[in-house]
Participant: 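Attaching a single structure in structure tokens format; questions to follow.
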There are 2 protein chains.
Amino acid sequence: MPTIKDVAEKAGVTVTTVSRVLNNRGYISEATRQKVYKAMEELNYQPNELARSLFRGRSHLLGLIIPTVAHPFFGELSASIEAYAHSKGYKVLLCNSQLNRKKEKEYIEMLKRHQVDGIIMASHTMEVDEFAKVNLPIVTFDRRIGADIPYVSSDNYQGGKLATNLLVDKGCRKIAHICGNLSLNMLANKRNEAFVATAQERGVEYYTIQTEINVFETKQYELLIKDLFNEHPDLDGIFANSDLMAVSAIKVCSLLKKRIPHDVRIVGYDDTSIASLVLPQITTIRQPIEQMSALAIELLIRQMNEEQVSVDNILPVTLQERETT
Amino acid sequence: MPTIKDVAEKAGVTVTTVSRVLNNRGYISEATRQKVYKAMEELNYQPNELARSLFRGRSHLLGLIIPTVAHPFFGELSASIEAYAHSKGYKVLLCNSQLNRKKEKEYIEMLKRHQVDGIIMASHTMEVDEFAKVNLPIVTFDRRIGADIPYVSSDNYQGGKLATNLLVDKGCRKIAHICGNLSLNMLANKRNEAFVATAQERGVEYYTIQTEINVFETKQYELLIKDLFNEHPDLDGIFANSDLMAVSAIKVCSLLKKRIPHDVRIVGYDDTSIASLVLPQITTIRQPIEQMSALAIELLIRQMNEEQVSVDNILPVTLQERETT
DNA sequence: CCGCTACATCTTTAATGGTCGGCATCTTTT
DNA sequence: AAAAGATGCCGACCATTAAAGATGTAGCGG
């Protein structure tokens, strides 16, 4: 690999001059500039970002910690985050925590060692007090960690309300919400709060089904939903916490010969591409992934520049009505 | 952020001594070692990997260039690659090229600037001769670039053969293969070669439908398949080049009131999680993503160590028979 | 008990690749 | 003649490491 020294020699100037050309600093004649560019071209020179980052104390690297990029929601989120980061000159280090507390901590330490300029944390099994030690710009997704760390989220309460009201509006009288573990203090829990409040307000029978934490296993979802229908054969509405769960619900209904939306209505969450891909197409609550991604990056950059950031960043959700209701 | 200097001061030794503790090099008394550990602990010190990488000429960073991590196949591939890289002490820089030639080149240059130790290239719009300049350990996915650059692939010909034979075995007489642009010299083209050869051999009518290159747009797939059935209403078998395409085919069939598998049989490709998620569950050709990922990393590491690597690395595929045939 | 060797322990110095400020030295323009 | 433009030189700096050097201590023979 050629260094700045090689370029300088080839162009017949000093490294200082090459550095000046690279960074557009000081006086440089057009002739010299061209000589330097030519030498760089010929040597196929690329400045060593490690050295630059070391000196500047800025790596232009971001860490992204998610459960797994294989999950459609996090896949789409990651693609979007990377795209926006790229447009702002930042690179993304991908970390799949598998929702494993130890891995989350290890990844955070690794990211610190690699001098990332900021971390986007979208995997939340870690204890809140662990975050205090991080000492780096952080943005969390869908979880509020104390009063200092900004988070990006969509309006979970509104999402739960929209979904529940839609089910009741369409005539459901006995509905269930299938969600993650509520004991973790996640903002997504507000969906269930809204579900409960709305169901009570509208006077329909309702149930909350919590899944175990580390379950992206669709088979597990299916079993859970089968059990649910076993216990409540007359259930006529399901609010699923992700489109993936909604797909599992569709499968179980098909197995039990329940017609959608005639016998059972289903509302999903996220509006990942799978929602409009499957049949019947899933009615779902759309999270504005692009805006959330852009906002997360913005918040990180503002923290780096020591600008003021607002802690609560809640973006609106929208109802996407399709065929399951 | 505390540096090795701070640790040295706190422990009352020189930085070199701290460095030797860190790297387990030379003679260190147990007492000093403990002092240093204690100082590191108290300062919450993390060694600066930029500086280490700069000195050692090894960053332990890998670049992963894919079309987009939002696509289920590449999402699962990325998750798997990151997991395996992590287990070998490597970190992954995520690059979504959007199948854009300019972006691919830009990403490669960026990765070089950041001194990655190797690149996994799974997005192929770039010209072959561009690769010569890269001058870094590379592994490609599903594309053979000259005789020097090793590639990892699954047995595309076998996949095409399995799929086509299955369709014909099940009674199809008029089949179509929906695939990507064949003018790009991709190994996935072998699926079509196998399709054509097998169809001829088995004496059934067959068609090849090429999609435009930058199309992860499922709507486009649907239009394409609609046109196909318009032209050939008696088509009774579809070999789709991805599970996503197969899902689109299912949707169109449902729209046209064609029953699966009674009227039309469908075989997908990849065996991403979506294949067993949708209804009817998709018969598909399974690519061994985990093994392919592991192999790709192995090949990179071997190149870094200047060991001999084999250029052709083709792993076997398997047929997963489900409900669409 | 001295002197020598051997080794343990820690420090000094230079290197990694690049940036940057100050200052010197020309040349060109005003 | 003064100001501005163009370049070079020197050294400090970023955080870390490797090689070589300095210091101390113990063992051993004489």
Side-chain angles (χ1 to χ4, degrees), chain A residues 1-40 43-61 109-117 135-136, chain B residues 1-40 43-61 109-117 135-136:
Chain A
M1 280 263 171
T3 71
I4 198 171
K5 221 169 153 183
D6 302 318
V7 177
E9 265 171 43
K10 184 140 210 155
V13 296
T14 60
V15 281
T16 310
T17 306
V18 179
S19 172
R20 282 189 183 137
V21 170
L22 270 171
N23 298 288
N24 259 315
R25 215 169 22 86
Y27 296 118
I28 294 285
S29 73
E30 196 50 34
T32 307
R33 196 183 294 274
Q34 290 312 321
K35 263 196 304 184
V36 171
Y37 280 145
K38 192 159 157 267
M40 291 206 244
L43 290 171
N44 197 15
Y45 169 76
Q46 300 283 356
N48 185 330
E49 285 295 335
L50 292 182
R52 300 179 117 184
S53 300
L54 180 59
F55 183 84
R56 297 204 232 256
R58 282 251 180 151
S59 64
H60 285 274
L61 251 41
E109 296 197 338
M110 181 274 277
L111 293 171
K112 281 179 77 171
R113 283 197 301 273
H114 276 273
Q115 311 296 116
V116 296
D117 292 341
N135 216 10
L136 257 178
Chain B
M1 278 262 172
T3 72
I4 199 170
K5 218 169 154 182
D6 302 317
V7 177
E9 265 170 43
K10 184 143 209 154
V13 295
T14 60
V15 285
T16 310
T17 305
V18 179
S19 168
R20 294 171 67 171
V21 171
L22 270 171
N23 299 286
N24 258 314
R25 213 168 21 82
Y27 296 114
I28 295 285
S29 72
E30 197 50 36
T32 309
R33 193 182 296 274
Q34 290 312 322
K35 264 196 304 186
V36 172
Y37 279 145
K38 191 158 158 270
M40 292 205 261
L43 292 171
N44 196 17
Y45 168 75
Q46 300 282 357
N48 185 329
E49 285 295 335
L50 291 183
R52 295 178 126 184
S53 300
L54 178 60
F55 185 85
R56 297 204 236 254
R58 282 250 181 151
S59 64
H60 285 273
L61 251 41
E109 297 194 338
M110 181 274 277
L111 292 171
K112 282 177 77 172
R113 284 198 299 275
H114 277 273
Q115 311 296 116
V116 296
D117 292 341
N135 215 8
L136 257 179

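The sequence lines fix the lettering, A, B, ..., with proteins before strands; numbering per chain opens at 1.
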Participant: What is the distance, to the nearest angstrom, from the CZ atom on Phe55(A) to the C1' atom on dT19(C)?
Facilitator: 4 Å

Participant: Could you check whether Val13(A) gets within reach of a base, just the sugar-phosphate, or nothing at all, counting any heavy atom under 4.0 Å?
Facilitator: sugar-phosphate

Participant: Under the 3.5 angstrom rule, does the side chain of Asp117(A) hit a backbone N or O of Arg58(A) as a donor-acceptor pair?
Facilitator: no

Participant: Between the main-chain N or O of Arg20(A) and the side-chain N or O of Asn23(A), is there a donor-acceptor pair closer than 3.5 Å?
Facilitator: no

Participant: Looking only at side chains, do Ser19(A) and Thr16(A) share a donor and an acceptor under 3.5 Å apart?
Facilitator: no

Participant: So, are Glu109(A) and Lys112(A) salt-bridged, with charged N and O less than 4.0 Å apart?
Facilitator: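 Judged by the 4.0 Å cut-off on N to carboxylate O distance, Glu109(A) and Lys112(A) do not form a salt bridge.
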
Participant: Looking at Ile28(B), is its backbone amide N or carbonyl O close enough to the side chain of Thr32(B) to form a donor-acceptor pair, meaning the two atoms are under 3.5 Å apart?
Facilitator: no

Participant: Indicate, with a heavy-atom threshold strictly under 4.0 Å, whether Thr32(B) touches base, sugar-phosphate, or nothing.
Facilitator: sugar-phosphate

Participant: To check you understand the geometry: which heavy-atom pair defines the closest contact between Ile4(A) and Leu22(A), and what is its length?
Facilitator: CD1-CD1, 4.1 Å

Participant: Which residues in residues 19-30 of chain A have a heavy atom closer than 4.0 Å to any atom of DNA chain D?
Facilitator: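 Close to the strand are Arg20(A), Tyr27(A), Ile28(A), Ser29(A).
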
Participant: Take the protein atom CZ of Arg33(A) and the nucleotide atom P of dG5(D), then report the distance between them rounded to whole Å.
Facilitator: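 Result: 13 Å.
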
Participant: What is the separation between atom CZ on Arg113(A) and atom C1' on dC14(D), rounded to the nearest whole Å?
Facilitator: 19 Å

Participant: Keeping the roles fixed (side chain from Ser59(A), backbone from Gln115(A)), state whether a donor-acceptor pair exists under 3.5 Å.
Facilitator: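 Checking the backbone N and O of Gln115(A) against the side chain of Ser59(A), a donor-acceptor pair under 3.5 Å is found.
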
Participant: Taking for each residue the nucleotide of DNA chain C bearing the nearest heavy atom, is the 5' side occupied by Arg56(A) or by Met1(A)?
Facilitator: Met1(A)

Participant: For the pair made of CD in Gln34(B) and P in dT9(C), what is the distance, rounded to whole Å?
Facilitator: 14 Å

Participant: Quick one: Gln115(A) CD to dA15(D) P, roughly how many Å, whole number?
Facilitator: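 Spelled out: CD on Gln115(A) to P on dA15(D) is 8 Å.
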
Participant: Quick check: closest heavy atoms across Leu50(B) and Asn48(B), and the distance to 0.1 Å?
Facilitator: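 So the minimum-distance heavy-atom pair works out to N-OD1, 2.8 Å.
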
Participant: For residues 3-12 of chain B, which residues have at least one heavy atom under 4.0 Å from DNA chain D?
Facilitator: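 Those residues are Thr3(B), Ile4(B).
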
Participant: Rounded to whole angstrom units, what separation is found between the CE atom of Met40(B) and the P atom of dT16(D)?
Facilitator: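 Answer to the nearest Å: 11 Å.
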
Participant: Starting at NE2 of His114(A) and ending at P of dT16(D), how long is that distance when rounded to a whole Å?
Facilitator: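 Rounded to whole Å, this separation is 13 Å.
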
Participant: If you check the Arg52(B) side chain, which of dT16(D), dG18(C), dT12(C) turns out closest?
Facilitator: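 From the listed options, dT16(D) comes nearest.
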
Participant: Look at Glu30(B) together with Arg33(B) and state whether they make a salt bridge at an N to O cut-off of under 4.0 Å.
Facilitator: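 Judged by the 4.0 Å cut-off on N to carboxylate O distance, Glu30(B) and Arg33(B) do form a salt bridge.
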
Participant: Quick check on dA15(D): is either OP1 or OP2 less than 4.0 Å from any side-chain nitrogen or oxygen of Tyr45(B)?
Facilitator: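 Result: no.
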
Participant: How close or far is atom P of dT19(C) from atom CZ of Arg58(A), stated in whole angstroms?
Facilitator: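 Result: 16 Å.
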
Participant: If you pin Leu54(A) and Thr16(A) to their nearest nucleotides in DNA chain D, which one's is more 5'?
Facilitator: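 Its nearest nucleotide lies further toward 5', so the answer is Thr16(A).
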
